[in-house]
K.L.:
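Let me begin by handing over the structure; questions about it come next.
In this chain, residues are counted from 1 in sequence order.
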Amino acid sequence: MTRNNVDDARIFIAVEGSLGNPLSRFVINRLSKKKNGSSLIEDALLSYCSTGKTSVLETIKNAPLLALLGIGRAVFGADKKAMQEFFSDPVARRGLVNVIRSIGKYGINRPFKLVAPFLVVWNYTNACNLRCKHCYQSASIPLPDELNLDEKRNIIDQLVENDVVALAFSGGEPLMAPDFFETASYASHNNMYVTLATNGTLLTEKTVDKIVKCGVKYIEISLDAATPEIHDNFRGIEGAWKRTFEGIKNAVESDEIFVCIASTITQHNFKEVNALIDLAEELGTKRFLAFNFIPTGNAANIKDMDLTPVMREELLEILYQRLKKGGFEVMTTAPQFSRVCMSKSKNIIAAAHFGTYETPDKTHMLADFIGGCGAGRLYCAIQPNGIMTPCVYIPIEVGDLRTERFIDIWENSGTLKDLRRRDELLGNCGRCDFKNVCGGCRARAYAYSGNLNGCDPGCIRNSVGRFANNIYTTSNTYYSS
């Protein structure tokens, strides 16, 4: 066991002993009960973040939560003033309330289970102006039964009530929906962190202004190549690259929005990765995100364009070297990235649910709790007609928001419960030392094997599926058998 592993174990014992014990959980559960839309936890957090003087009565009332916050600060070495500044943001407070409530309900476990997802990805409409070969939604025209505006607001009310932190609008192309701005504004005004995934072709200066005004904080723009011909061929429409390029330039002009370029990496654009990252930096975006290829929807027709395990490992190496270089954020939805980062950085850097973290003592433990595939555990998806699925890439219906409450589906779905367990993963995914921080992509496992607990066939450590014959052809020692 390494020194970092020993430190992580000690921290885990300290956290479990102080926050996960029955008494602490009892107190948390009592404080979590909401009355008139608010709980004692939320009231206490507001008081904690206040710069004014606190009355003796208020201090006594808030004592249990203040004690819990003090324990957390001591364990993680956080500065009180920095914590107060951070949690003065209502979105951050919502996230902390979610975590505290989750500890009260489930205790502290690996992987960490939440009372409600941090993130909900909403395929807002099936309408789209492109015809992408890899579209998981097979988007083209709106579905005949898409939700109306009142139904959408009702869903947002439920997400807010249950402390969902972020709402990501995807599609199709969300900007083609007539009521998108109204819905995004409604979510933002209810203190949700609102993001938008778009193909970028509709991002005129005027549209970007409207996006900012309705409260969208993060925009993810799809660009699959630095070469126009490659992008247009993949997206199915001539001239798409040029329009997206102009859209990116319009988006980065705003100081109020975080802009990311996202690419789904296949054999079609594998050689473009470094050029894409260079272009993302040159354009002034703040992040490059490499999406895992999932053969579902339209993408099921181009399975042969998937990366081999050797190519995926090379991709992760490229991303790691660009991340290590610093100065620009590089991320991927491939959960194996955490293994690569932690192995090569001696546990200094870890990737945990689309984020990268660099703290010498706490990174490994953080990744252990929230790392790997977050489908059904940290996030879920809503389809244009209100059907809930574990992930936009996993076409398994777990509930219908037209007839069921969001929280009932989240708590009771057998499929979502299965995804929250890593002890039933099959093959090397179940045996791997990095099971907690990776666990393989469940969407890829399902798409290739029909089993959510199956092996992710794109991982260099697995020897199953169509890659079995060439899985160990690399000369690099990225893996162990």
Side-chain angles (χ1 to χ4, degrees), residues 1-2 4-6 8-9 12 109-113 290 292-294 306-317 319-320 332-357 363-378 390-391 393-394 418-474 476-481:
M1 181 177 285
T2 67
N4 278 343
N5 292 142
V6 172
D8 290 341
F12 175 78
N109 41 62
R110 302 180 186 182
F112 194 59
K113 290 191 291 188
N292 239 352
F293 171 79
I294 316 291
D306 195 0
L307 300 179
T308 67
V310 173
M311 294 174 74
R312 180 166 281 99
E313 202 71 12
E314 185 178 340
L315 168 65
L316 298 179
E317 172 71 13
L319 298 177
Y320 172 75
T332 178
T333 60
Q336 293 84 6
F337 194 45
S338 195
R339 166 180 55 80
V340 171
C341 288
M342 294 172 73
S343 298
K344 290 182 172 293
S345 68
K346 298 181 180 179
N347 288 341
I348 300 294
I349 301 174
H353 189 55
F354 305 178
T356 52
Y357 307 88
T363 294
H364 188 280
M365 187 186 72
L366 179 65
D368 252 7
F369 282 104
I370 65 172
C373 180
R377 185 174 61 90
L378 301 179
C391 166
Y393 297 107
I394 300 177
D418 288 344
L419 284 165
R420 292 164 196 158
R421 295 192 291 265
R422 299 260 171 91
D423 55 350
E424 297 181 7
L425 296 181
L426 302 175
N428 191 65
C429 281
R431 298 187 299 267
C432 184
D433 294 340
F434 292 90
K435 179 172 66 175
N436 284 335
V437 301
C438 173
C441 174
R442 297 300 93 212
R444 285 179 53 80
Y446 182 75
Y448 276 107
S449 71
N451 190 336
L452 284 172
N453 289 323
C455 283
D456 179 346
C459 180
I460 199 82
R461 288 182 161 214
N462 291 326
S463 57
V464 297
R466 72 180 183 87
F467 297 126
N469 293 330
N470 65 357
I471 197 164
Y472 293 121
T473 58
T474 179
N476 297 313
T477 55
Y478 295 134
Y479 58 87
S480 61
S481 59

K.L.:
What is the minimum heavy-atom distance between Phe112 and Leu378, and which atoms define it?
P.N.:
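For Phe112 versus Leu378, the nearest heavy atoms are O-CD2, 4.4 Å.
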
K.L.:
Which pair of heavy atoms, one from Leu452 and one from Arg442, lies closest together, and at what distance?
P.N.:
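It is O-NH1, 2.6 Å.
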
K.L.:
Salt bridge check: are Arg461 and Glu313 linked by an N-O gap of less than 4.0 Å?
P.N.:
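No salt bridge links Arg461 with Glu313.
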
K.L.:
Between Arg377 and Lys113, is there a donor-acceptor pair closer than 3.5 Å when you use the side chain of the first and the backbone of the second?
P.N.:
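Judged by distance alone, no pair lies under 3.5 Å.
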
K.L.:
Please answer whether the main-chain N or O of Cys441 pairs with a side-chain N or O of Asp456 as donor and acceptor at a distance below 3.5 Å.
P.N.:
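Here the side-chain-to-backbone pair exists.
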
K.L.:
Roughly how far, to the nearest 0.5 Å, is SG of Cys432 from CZ of Arg339?
P.N.:
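The CZ atom of Arg339 sits 7.0 Å away from the SG atom of Cys432.
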
K.L.:
With rounding to the nearest 0.5 angstrom, report the CG to SG distance, Leu425 to Cys373.
P.N.:
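Reported value, rounded in 0.5 Å steps: 9.5 Å.
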
K.L.:
Gly454 and Ser449: which non-hydrogen atoms are nearest, and at how many Å?
P.N.:
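Looks like CA-OG, 4.2 Å.
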
K.L.:
Please find the pair of heavy atoms, one from Pro335 and one from Gly440, that lie closest to each other, and give the distance.
P.N.:
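Closest approach of Pro335 to Gly440, heavy atoms only: CG-C, 3.5 Å.
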
K.L.:
I'd like to know if Asp306 pairs up with Arg312 as an ion pair, taking the criterion as any Lys NZ or Arg NE/NH1/NH2 lying under 4.0 Å from an Asp or Glu carboxylate oxygen.
P.N.:
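Salt bridge between Asp306 and Arg312, a charged N being under 4.0 Å from a carboxylate O: yes.
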
K.L.:
Distance from Thr308 atom OG1 to Ile460 atom CD1, nearest 0.5 Å?
P.N.:
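Going from the OG1 atom of Thr308 to the CD1 atom of Ile460 covers 7.5 Å.
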
K.L.:
Whether the side chain of Arg422 engages the backbone of Lys435 through a donor-acceptor N/O pair (distance < 3.5 Å, no angle test) should be reported.
P.N.:
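Yes, Arg422 side chain to Lys435 backbone: donor-acceptor pair under 3.5 Å.
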
K.L.:
Rounded to the nearest 0.5 Å, what separation is found between the CE atom of Met342 and the SG atom of Cys438?
P.N.:
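Met342 CE to Cys438 SG: 11.0 Å, rounded to 0.5 Å.
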
K.L.:
What distance do Glu314 atom CD and Leu319 atom CG have between them, rounded to the nearest 0.5 Å?
P.N.:
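Taking CD in Glu314 and CG in Leu319, the distance rounds to 11.0 Å.
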
K.L.:
Give a yes or no answer on whether the side chain of Arg420 reaches the backbone of Gly376 with a donor-acceptor pair at less than 3.5 Å.
P.N.:
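Checking the backbone N and O of Gly376 against the side chain of Arg420, a donor-acceptor pair under 3.5 Å is found.
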
K.L.:
If you measure from CZ on Arg444 to CD1 on Ile394, what distance do you get to the nearest 0.5 Å?
P.N.:
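Atom-to-atom, Arg444:CZ and Ile394:CD1 are 12.5 Å apart.
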
K.L.:
Indicate the atoms forming the closest heavy-atom contact of Phe337 with Tyr320, along with that distance.
P.N.:
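Here Phe337 and Tyr320 meet closest at CE1-N, 3.6 Å.
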
K.L.:
Identify the two heavy atoms, one from Cys391 and one from Ala375, that lie closest to each other, and give their separation to 0.1 Å.
P.N.:
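Closest approach of Cys391 to Ala375: CB-CB, 3.9 Å.
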
